[in-house]
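Just so you know, these numbers come straight off a predicted model, no measurement behind them.
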Amino acid sequence: MSAGDYLHLQFQNRRKIADLTILAATDDQTDLLTVKSANHRIYIQRIVVSLTTYSAKTWTFQDDASTPVEIAHLSIPAAAPTAGGDSGTIVWDFGPVGTPLTLGKNLDLAMSAAGAAGTVHIEGYEKMEGAVAAASTN
């Protein structure tokens with residue numbers, strides 16, 4: 001897939017991009033990407049995590065529904081791997097169409113506890129769906 005395939009849906013809808021720095025003292029992060037209204041749905045196309053500080057923790061990217069939909073889960077080891085050429089970068093690629101969050105819900109990062117650190121890059125788009133979409137120009 002080319003970058004254009006991903007950008008096509010981002011530009012046809014409402015592009016959603018986030019670049020974050022997660023510090024070792026950081027705990028759960030809410031609303032990494034926020035939805036415009038209850039009639040919009042966010043589609044996640046790609047998540048890239050680059051770890052800089054290791055600590056035996058877990059990070060879960062999920063929506064904020066009452067029963068969250070999990071998009072990606074990362075088990076972070078206590079120490080950086082010493083062999084195998086691991087660069088500390090993890091990529092989840094859900095393709096140009098992406099994987100949907102629950103209608104009207106935001107993207108959150110749930111952490112087992114503070115301790116790990118790194119950068120997070122998220123790409124996706126948002127579009128209006130449901131009965132309202134058929135009658136709306138938004």
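Here Trp59 contributes atom CH2 and Ile90 contributes atom CD1; the two are 8.5 Å apart, rounded to the nearest 0.5 Å.
Side chain of Asp31 to backbone of Leu33: no donor-acceptor contact under 3.5 angstrom is found. In terms of modelled atom types and a separation under 3.5 Å, the side chain of Gln29 and the main chain of Asp27 share a donor-acceptor contact. No donor-acceptor distance shorter than 3.5 angstrom exists from the side chain of Thr34 to the backbone of Asn106, with no hydrogens or angles considered. Checking side-chain atoms of Gln45 against main-chain N and O of Tyr6 turns up a donor-acceptor pair under 3.5 Å.
Within the structure, salt bridge (Lys or Arg N to Asp or Glu O under 4.0 Å) pairs that include any residue of residues 98-115 do not occur (at least two apart or interchain). Pairs of residues two or more places apart, or lying in two chains, that qualify as side-chain hydrogen bond (donor to acceptor under 3.5 Å, both in side chains) and include a residue from residues 69-80 are Thr60-His73. Applying the ring pair (Phe, Tyr, Trp, His ring centres under 6.0 Å) test to every pair with at least one member in residues 98-128, sequence neighbours left out, gives these pairs: Tyr43-Tyr125. Screening residues 116-126 for salt bridge (Lys or Arg N to Asp or Glu O under 4.0 Å), with sequence neighbours left out, gives Arg14-Glu126, Lys16-Glu126, Arg46-Glu123.
You'll find the side chain of Asn13 stays beyond 4.5 Å of the side chain of Arg15, heavy atoms only. The closest side-chain heavy-atom distance from Glu129 to Leu103 is below 4.5 Å. Side-chain contact between Met111 and Thr26 is present, with heavy atoms from C-beta onward closer than 4.5 Å. Residues Thr52 and Thr119 are not in side-chain contact: their nearest non-hydrogen atoms beyond the backbone lie 4.5 Å or more apart.
The shortest non-hydrogen separation linking Arg41 to Pro100 is CD-CB, 3.5 Å. Across every non-hydrogen atom of Gln62 and Ala110, the tightest pair is NE2-CB, 3.8 Å. Across every non-hydrogen atom of Ser50 and Thr89, the tightest pair is OG-OG1, 3.1 Å.
With sequence neighbours excluded, the residues that form a side-chain hydrogen bond (donor to acceptor under 3.5 Å, both in side chains) with Ser37 are His40. Remark: Asp28 engages no residue in a side-chain hydrogen bond (donor to acceptor under 3.5 Å, both in side chains) (not counting sequence neighbours).
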Walk me through whether Ile22 and Leu109 qualify under side chain to side chain contact (heavy atoms under 4.5 Å, CB included). CA-CA 10 Å; Ile22 306 296; Leu109 172 56; 4.2 Å; yes

Between Ile71 and Trp92, is a side chain to side chain contact (heavy atoms under 4.5 Å, CB included) present by the stated rule, with each step listed? CA-CA 9 Å; Ile71 304 301; Trp92 291 274; over 6 Å; no

Does Thr58 form a side chain to side chain contact (heavy atoms under 4.5 Å, CB included) with Leu74? I'd like the steps, not just the answer. CA-CA 6 Å; Thr58 60; Leu74 174 61; over 6 Å; no

Is there a side chain to side chain contact (heavy atoms under 4.5 Å, CB included) between Leu107 and Ile122 once you walk through the steps? CA-CA 10 Å; Leu107 180 66; Ile122 304 165; 3.8 Å; yes

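Just one of Asp19, Thr21, Val49 meets the side chain to side chain contact (heavy atoms under 4.5 Å, CB included) condition when paired with Val120; it is Val49.
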